[in-house]
Amino acid sequence: MAEGIIFKAASGFYYVQSDGEMVQCRARGRFRLEKSTPLVGDCVEFSHTEPGNGFLTLIHPRKNSFTRPTVANIDKIIIVVSSAIPVTDPYLIDTMTAIAIKNSCEPIICVNKRDLNPAKLLSEIYSSSGFTTIRTSAVTGEGINELREAISGAVCAFAGNSGVGKSSILNRLDQDANALVGGISKKLGRGRHMTRHVELFRLQCGAIIADTPGFSALESQRVAPKEELALLFPDFEPYLGKCRFRDCAHIKEPGCAVLEAVEQGKAQATRHASYARMFAQASEYKDWENKK
């Protein structure tokens, strides 16, 4: 048996990178019986049937998986934001960080377009909240080396609303990415075609990038049941369990340690506003819906 990572899935074939070789594999029938679908990013075992071809035999336990996009074992989500046009809504950033943490991913805040707006306030909000925050310019190259070091050796996905410069940053990160991004866009049919699939690409710095436009839609997903939301805000952690009431929702309760931290400037007000908004949305779901 050999081991590798699924870099691409298309038309019933799984393309597994193993020891520098790309092997085209089919999945054994038992995966269908077990209702277990291999995903791009899965660490798998396979057997060769002939050079360059084989069958998947085992999917190793996943660190995480996403249904939209269908990808597994993401280590870091690079949340690309901007204080220049288009200006990123902090709620979108906070939603993405919460989703990343829920899925055992490290969120990295990449504040792009610093040549147009230095975004010091936005950067301070997230660096003071404990997130790795890197200010970049895809135009001048500022901050790109720092970002390259932060993602080296990790399986990463880039997220962010349209126009913030995700593709431009990829071009700066790797000299081969220009051809990659252009080729991917045509192959994925962004534009008049509707074909969508996920594919991994290895950059020269050792990072593996998931090309998937679906991560830009993460904000539309339900984040978590309301009782779990505070745990997805690591900057609230020092104050959890210190409120007057054990079942404190951290919204408007008297004696709330989180609210006191916000009032004292120890926790960011914009972060708490996002939390309150997520809590209100989560409160609209019934208990049985949260179990789905």
Side-chain angles (χ1 to χ4, degrees), residues 64 76-114 117-135 150 157 159-161 164 215-287 289-290:
N64 53 46
K76 300 182 180 185
I77 293 180
I78 318 306
I79 303 169
V80 184
V81 305
S82 170
S83 283
I85 297 174
V87 177
T88 306
D89 183 349
Y91 177 71
L92 172 61
I93 306 173
D94 297 331
T95 302
M96 288 185 172
T97 59
I99 290 172
I101 292 168
K102 181 185 178 184
N103 288 280
S104 302
C105 298
E106 177 190 352
I108 294 178
I109 313 299
C110 175
V111 186
N112 195 33
K113 302 189 179 184
R114 63 178 293 179
N117 187 323
K120 292 183 178 179
L121 178 59
L122 183 65
S123 300
E124 173 61 24
I125 287 173
Y126 292 96
S127 60
S128 67
S129 298
F131 296 103
T132 297
T133 306
I134 302 171
R135 291 189 297 145
N161 53 305
V164 293
F215 269 103
S216 63
L218 277 175
E219 74 275 9
S220 65
Q221 298 182 13
R222 176 163 34 128
V223 179
K226 61 183 181 180
E227 296 82 7
E228 300 175 11
L229 274 175
L231 300 175
L232 304 181
F233 283 70
D235 35 329
F236 292 179
E237 185 177 357
Y239 316 107
L240 300 181
K242 299 180 180 179
C243 302
R244 181 185 303 175
F245 303 108
R246 290 183 61 185
D247 60 348
C248 184
H250 319 298
I251 300 297
K252 58 182 180 180
E253 295 82 355
C256 173
V258 174
L259 289 175
E260 290 176 2
V262 172
E263 292 171 0
Q264 296 169 7
K266 297 178 181 178
Q268 294 289 341
T270 58
R271 292 274 293 159
H272 183 265
S274 293
Y275 165 79
R277 183 172 167 184
M278 289 182 211
F279 190 94
Q281 290 178 341
S283 298
E284 296 176 0
Y285 287 89
K286 306 297 182 183
D287 289 342
E289 292 178 295
N290 288 326

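Pairs of residues two or more places apart, or lying in two chains, that qualify as side chain to side chain donor-acceptor pair (under 3.5 Å) and include a residue from residues 254-265 are Q264-K266.
K242 approaches P238 most closely through the heavy-atom pair NZ-O, 3.0 Å. In terms of heavy atoms, L232 sits closest to A224 at CD1-CB, 3.9 Å. When every heavy atom of T133 is checked against every heavy atom of S127, the shortest pair comes out as OG1-N, 3.3 Å. Across all their heavy atoms, A150 and I134 have their closest contact at CB-CD1, 3.9 Å. Between I101 and P234, the closest heavy-atom pair is CD1-CD, 3.4 Å.
The side-chain heavy atoms of M278 and F233, taken from C-beta on, include a pair separated by under 4.5 Å. Annotation: side chain of H250 is not in contact with side chain of L229 (no heavy-atom distance under 4.5 Å). Using a 4.5 Å cut-off on side-chain heavy atoms (C-beta onward), Y239 and C256 make no contact. Looking only at side-chain heavy atoms (C-beta outward), V81 and L92 stay at 4.5 Å or farther from each other. Counting heavy atoms from C-beta outward, I109 and L122 have side chains that stay 4.5 Å or more apart. Between I125 and P90 the shortest side-chain heavy-atom distance does not fall below 4.5 Å. Looking at heavy atoms from C-beta onward, E106 lies in side-chain contact with T132 at the 4.5 angstrom threshold.
With hydrogens and angles disregarded, a donor-acceptor distance shorter than 3.5 Å links the side chain of D89 to the backbone of Y91. No donor-acceptor pair closer than 3.5 Å links the side chain of R135 to the backbone N or O of A119. Of the possible donor and acceptor atoms, one in the side chain of K102 sits under 3.5 Å from a partner among the backbone N and O of V223. Side chain of K113 to main chain of V164: no donor-acceptor pair is present (N/O by atom type, distance under 3.5 Å, no hydrogens or angles). Side chain of S82 to backbone of T88: no donor-acceptor contact under 3.5 angstrom is found.
Taking CG of D235 as the reference point, atom CZ of R271 lies at 4.0 Å (rounded to 0.5 Å). Going from atom SG of C110 over to atom CD1 of I77 covers 14.0 Å, rounded to the nearest 0.5 Å. The OG atom of S129 lies 10.5 Å from the CD1 atom of I93; values are rounded to the nearest 0.5 Å. The distance from the CZ atom of F279 to the CD atom of E227 is 7.0 Å, given to the nearest 0.5 Å. If you take CD1 on I251 and CG on L259, they are separated by 7.5 Å, rounding to the nearest 0.5 Å.
Between F236 and H272, the two ring planes are tilted [angle within 30° to 60°]. Relative ring orientation between F131 and Y126 is described as tilted, the plane-to-plane angle lying within the 30° to 60° band.
With no hydrogens or angles considered, a side-chain donor-acceptor pair links D94 and S274 at under 3.5 Å.
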